[in-house]
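First up is the structure itself, then whatever we jot down about it.
These figures come from a predicted structure and were not determined experimentally. Lettering of chains follows the sequences in order, A, B, ..., and the numbering in each one begins at 1.
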Amino acid sequence: MKLSRTLFATLREVPSDTEVASHALMARAGFIHKLAAGIYVYGPMMWRVLRRVEGIVRDEHDRVDCQEMLMPAVQPKELWAESGRWDRYVNDGILFHFHDRRGSEVCLGPTHEEVVTDFVRSRVQSWRQLPVILYQIQTKFRDEIRPRFGLMRGREFIMKDAYSFDVSEEAMKQSYATMREVYRAVFTRCGLRFTPVQADSGAIGGCGSEEFMVDADSGEDAIAVCRVSGYAANIEKAVSIIPPPPAAPASVLMHKEATPGARSCEDLLRMFPDLPLARMLKTVIYQASWGDRQQTVAVMCRGDRQLNEVKILNHLGALKLELADEAVVRAATGAAVGFAGPIGLKDGVRLLADASVEGVQGFLCGGNETDTHWLDAWFGRDLAQPETADFGLVQAGDATVDGGGAIEITRGIEVGHIFQLGTKYSEAMQATYNDEQQKKQPIWMGCYGIGVSRIAAAAIEQNHDENGMIWPLPIAPYAVLLVHMKPGDEAQDALAQELHDALEAQGVDVLWDDRPKVSPGAKFKDADLVGVPLRIVVGRDAAQRGVEWSERARPGEKEALSAEAARDRAVELCRAAGRRA
RNA sequence: CGGGGCGUAGCUCAGCCUGGUAGAGCGCUGCGUUCGGGUCGCAGAGGCCGGAGGUUCGAAUCCUCUCGCCCCGACCA
């Protein structure tokens with residue numbers, strides 16, 4: 001493709017609404033165009049990348065006999081009522097939904113468990129038809145609370161979603177294991193460095209799930225990893241062995257202390273410098289909701305630890321958990337925010353405790369009275385230990401539960417998530433099969449998602465420098481950038497044309513910078529920005545059939561080659577990378 | 001949803017406080033020049049200053065409302 005025939009325009013300056021490298025570079029290079037918050041036009045270059053990613057995804061799925069299909073984006077509410085998810089998604093506010101002309105409510109699909117389950121139940125009757133794995137690559141719609149970072153978290157994005165259907169739990173696990181390998185292969189082929197982690201299942205539900213995290217400091221997710229044991233989990237899910245509680249002090253009667261203005265552990269530490277943080281028990285007030293029902297929940301936690309709201313949410317089986325606002329805190333404690341404690345909470349407030357409080361005695365806690373805390377409180381003496389479970393957030397340095405090693409917290413971009421759904425959807429929606437005994441059984445399901453457009457963004461996050469993107473060859477928009485230094489020069493024109501044709505003939509896609517009257521510096525700057533991995537410069541040695549070879553990933557390493565040698569090298573590298581025309 | 005910030009040329013921004021009818025750089029067009037890391041010169045095109053209302057002789061500038069975009073998400077701990 002001749003560059004002069006594309007709508008190629010680059011920006012020298014970083015657009016003001018970009019925050020992360022991938023967004024800034026895609027915008028500067030003209031790959032994307034924003035229409036609205038979290039909604040983008042994928043320009044021709046971007047689309048080539050996305051198609052490459054899709055190609056790899058298809059290839060790896062088809063290899064294990066998954067079957068591609070396409071489901072509608074518009075979905076009727078009735079289907080979602082069957083699974084019981086309509087309320088949750090509407091509640092979370094992420095569902096795009098509206099009424100059609102007849103007044104029926106519909107939504108734009110944020111995911112397709114319901115539709116695929118409906119499809120499968122309409123044709124599966126016998127155990128003989130299973131297992132089967134279906135997938136599609138399609139635009140998904142989620143009215144994210146806060147779209148950001150360009151393609152990283154959009155409201156409309158391209159996703160590959162796959163669904164497996166099996167006769168038993170064991171068979172489901174088999175499919176799940178197969179898909180895990182498919183995912184590893186996909187991300188590896190896309191040139192990404194990633195970490196599979198244990199994960200929370202969230203709104204999708206089911207029993208087990210793992211996420212595939214692309215290692216990047218700009219990632220939105222925190223993950224707990226251990227280099228020694230190999231443990232890796234999303235921080236929402238991670239568990240650890242925390243430092244033990246401090247020894248109990250001499251038993252003293254519990255007493256109230258005035259603590260004016262001391263709303264945080266830090267404030268209290270200043271007032272009681274001898275009291276270790278681990279003997280201050282904080283009590284956080286939350287408002288939990290189950291859709292129609294609401295309850296105020298107080299959760300205790302050791303002063304040197306933090307709470308994990310996902311664990312609390314899961315324990316409660318609630319739809320939503322929010323920190324209580326000031327009015328709710330006052331209603332629950334009778335005090336200003338900052339003085340909540342376990343003793344004397346108003347009726348109807350459910351009290352929970354994180355496992356970190358276990359064994360802590362002689363502690364400080366809020367007095368449920370403004371500017372007041374209790375000191376030297378003892379469980380068993382002054383109050384009963386409340387319902388206790390693991391609600392804690394793991395911290396760097398914690399020991400892993402699987403033995404050896406300490407936990408480290410790193411960041412990642414979630415590009416894939418795989419779930420064992422079990423029979424959650426099949427039971428709710430009566431997706432069954434007849435077994436050998438003619439008995440109806442629920443189908444065991446799994447679901448598997450890959451953020452196709454997010455892969456592209458993640459690839460840039462991982463592969464860029466101060467001058468631009470550095471595409472991994474398998475997903476690059478073009479394999480070769482042919483930099484034609486001086487169009488109009490007879491020798492250069494002839495050689496560039498010849499090289500372009502020869503490469504294309506061998507199945508190597510070439511972007512040919514044939515722009516006349518663009519200075520060499522500008523051509524090189526644009527070349528770096530766009531990040532096409534292989535570069536062949538046709539310039540002053542064209543008459544001798546000499547070109548300059550370089551690779552975007554190795555700036556500064558330039559090599560003088562014959563046109564034939566450069567062509568052969570490009571062909572060979574593309575073959576090695578599994579890149580086909 | 002709550003809090004904060006910003007909407008002026010395709011992009012990055014100045015002008016706004018102290019109203020007098022719009023500027024720069026980049027980009028774009030033309031001519032010339034240059035030709036291996038954003039050449040240089042000359043000449044141009046391009047904006048109802050997000051929208052609506054109000055105040056005023058006069059509004060990009062002041063006031064109200066509205067829409068859009070960006071950032072943060074309660075430190076309670």
Expressed as a whole number of angstroms, how long is the span from [X]:[atom1] to [N]:[atom2]?
X	N	atom1	atom2	value
Leu268(A)	C76(B)	CG	P	10 Å
His373(A)	C76(B)	NE2	C1'	10 Å
Glu144(A)	C1(B)	CD	C1'	15 Å

Interface residues of residues 237-248 of chain A with RNA chain B (non-hydrogen, below 4.0 angstrom):
none
Residues within residues 315-333 of chain A bordering RNA chain B, heavy-atom distance below 4.0 Å
Leu323(A), Ala324(A), Asp325(A)
Using nucleotides 34-41 of chain B, report all nitrogen or oxygen pairs with the protein that are shorter than 3.5 Å.
{"residue": "G36(B)", "atom": "O6", "partner": "Arg540(A)", "partner atom": "N", "Å": "3.2"}
{"residue": "G36(B)", "atom": "N2", "partner": "Glu548(A)", "partner atom": "OE1", "Å": "2.1"}
{"residue": "G36(B)", "atom": "N2", "partner": "Glu548(A)", "partner atom": "OE2", "Å": "2.8"}
{"residue": "G37(B)", "atom": "N1", "partner": "Asp528(A)", "partner atom": "OD2", "Å": "3.1"}
{"residue": "G37(B)", "atom": "N2", "partner": "Asp528(A)", "partner atom": "OD2", "Å": "2.3"}
{"residue": "G38(B)", "atom": "O4'", "partner": "Ala522(A)", "partner atom": "N", "Å": "3.4"}
{"residue": "G38(B)", "atom": "O2'", "partner": "Arg12(A)", "partner atom": "NH1", "Å": "3.3"}
{"residue": "G38(B)", "atom": "O2'", "partner": "Arg12(A)", "partner atom": "NH2", "Å": "2.8"}
{"residue": "G38(B)", "atom": "O6", "partner": "Arg28(A)", "partner atom": "NH2", "Å": "3.4"}
{"residue": "U39(B)", "atom": "OP1", "partner": "Ser519(A)", "partner atom": "OG", "Å": "3.1"}
{"residue": "U39(B)", "atom": "OP2", "partner": "Ser519(A)", "partner atom": "OG", "Å": "2.3"}

Base, sugar-phosphate or nothing for Tyr286(A)? Non-hydrogen atoms, less than 4.0 Å.
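Tyr286(A): base contact, heavy atoms under 4.0 Å.
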Answer with base, sugar-phosphate or nothing: what part of the nucleic acid does Cys301(A) contact at a heavy-atom distance below 4.0 Å?
nothing
Hey, can you pull the donor-acceptor pairs under 3.5 Å for the side chains in residues 326-344 of chain A, sequence neighbours left out?
{"residue": "Thr333(A)", "atom": "OG1", "partner": "Val329(A)", "partner atom": "O", "Å": "2.8"}
{"residue": "Thr333(A)", "atom": "OG1", "partner": "Ala335(A)", "partner atom": "N", "Å": "3.0"}
{"residue": "Thr333(A)", "atom": "OG1", "partner": "Ala335(A)", "partner atom": "O", "Å": "3.2"}

If the threshold is 4.0 Å, N to carboxylate O, is there a salt bridge linking Lys237(A) and Asp200(A)?
no
Would you mind checking if Lys523(A) and Asp526(A) are paired as a salt bridge, meaning a charged N to carboxylate O distance below 4.0 Å?
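So Asp526(A) does not pair with Lys523(A) through a salt bridge.
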For Thr18(A), all residues meeting side-chain hydrogen bond (donor to acceptor under 3.5 Å, both in side chains), sequence neighbours excluded
none
What side chain to side chain donor-acceptor pair (under 3.5 Å) pairs are there with at least one residue in residues 479-489 of chain A, not counting sequence neighbours?
His484(A)-Asp493(A), His484(A)-Trp512(A)
Mark yes when over 12 heavy atoms from residues, nucleotides or ligands other than Ile145(A) sit less than 6.0 Å from its CD1; otherwise mark no.
no
Do the side-chain N and O atoms of Thr139(A) and Glu156(A) include a donor-acceptor pair separated by under 3.5 angstrom?
no
Between the side chains of Gln294(A) and Ser289(A), does any donor sit under 3.5 Å from an acceptor?
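No, no side-chain donor-acceptor contact under 3.5 Å.
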Just grab all the salt bridge (Lys or Arg N to Asp or Glu O under 4.0 Å) pairs involving residues 360-387 of chain A, residues at least two apart or on different chains.
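Residue pairs with at least one partner in residues 360-387 of chain A: Lys256(A)-Glu369(A), Arg350(A)-Glu387(A).
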C1'-based separation of G58(B) from C70(B) [nearest Å]:
34 Å
With the criterion being N/O to N/O and under 3.5 Å, what pairs connect the protein with nucleotides 70-73 of chain B, and how long is each?
{"residue": "C72(B)", "atom": "OP2", "partner": "Arg146(A)", "partner atom": "NH1", "Å": "3.0"}
{"residue": "C72(B)", "atom": "OP2", "partner": "Arg146(A)", "partner atom": "NH2", "Å": "2.1"}
{"residue": "C72(B)", "atom": "O5'", "partner": "Arg146(A)", "partner atom": "NH2", "Å": "3.4"}

Give none if U33(B) has no partner; otherwise give the nucleotide forming a Watson-Crick or G-U wobble pair with it, both distances under 3.5 Å.
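Its partner: none found.
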My understanding is that a pair needs two contacts under 3.5 Å, Watson-Crick or G-U wobble. By that rule, which nucleotide pairs with A60(B)?
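With both distances under 3.5 Å required, A60(B) matches none.
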Results of ring pair (Phe, Tyr, Trp, His ring centres under 6.0 Å) for Phe379(A) - residues two or more places apart only:
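Only Phe363(A) meet the ring pair (Phe, Tyr, Trp, His ring centres under 6.0 Å) criterion with Phe379(A).
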With sequence neighbours excluded, what pairs up with Tyr478(A) under the ring pair (Phe, Tyr, Trp, His ring centres under 6.0 Å) test?
none
Determine all donor-acceptor pairs shorter than 3.5 Å in which one atom belongs to a side chain in residues 528-535 of chain A; sequence neighbours excluded.
{"residue": "Asp528(A)", "atom": "OD1", "partner": "Arg535(A)", "partner atom": "NH1", "Å": "3.4"}
{"residue": "Asp528(A)", "atom": "OD1", "partner": "Arg535(A)", "partner atom": "NH2", "Å": "2.7"}

Please tell me which of Val299(A) and Leu35(A) maps to the more 5' nucleotide of RNA chain B, matching each residue to the nucleotide holding its nearest heavy atom.
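Its nearest nucleotide being more 5', the pick is Leu35(A).
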Would you list the atom pairs, donor with acceptor, under 3.5 Å between side chains in residues 556-565 of chain A and any protein atom, with sequence neighbours excluded?
{"residue": "Glu559(A)", "atom": "OE1", "partner": "Arg569(A)", "partner atom": "NH1", "Å": "2.9"}
{"residue": "Glu559(A)", "atom": "OE2", "partner": "Arg569(A)", "partner atom": "NH2", "Å": "3.0"}
{"residue": "Ser562(A)", "atom": "OG", "partner": "Ala565(A)", "partner atom": "N", "Å": "3.0"}
{"residue": "Glu564(A)", "atom": "OE2", "partner": "Arg545(A)", "partner atom": "NE", "Å": "3.2"}
{"residue": "Glu564(A)", "atom": "OE2", "partner": "Arg545(A)", "partner atom": "NH2", "Å": "2.5"}

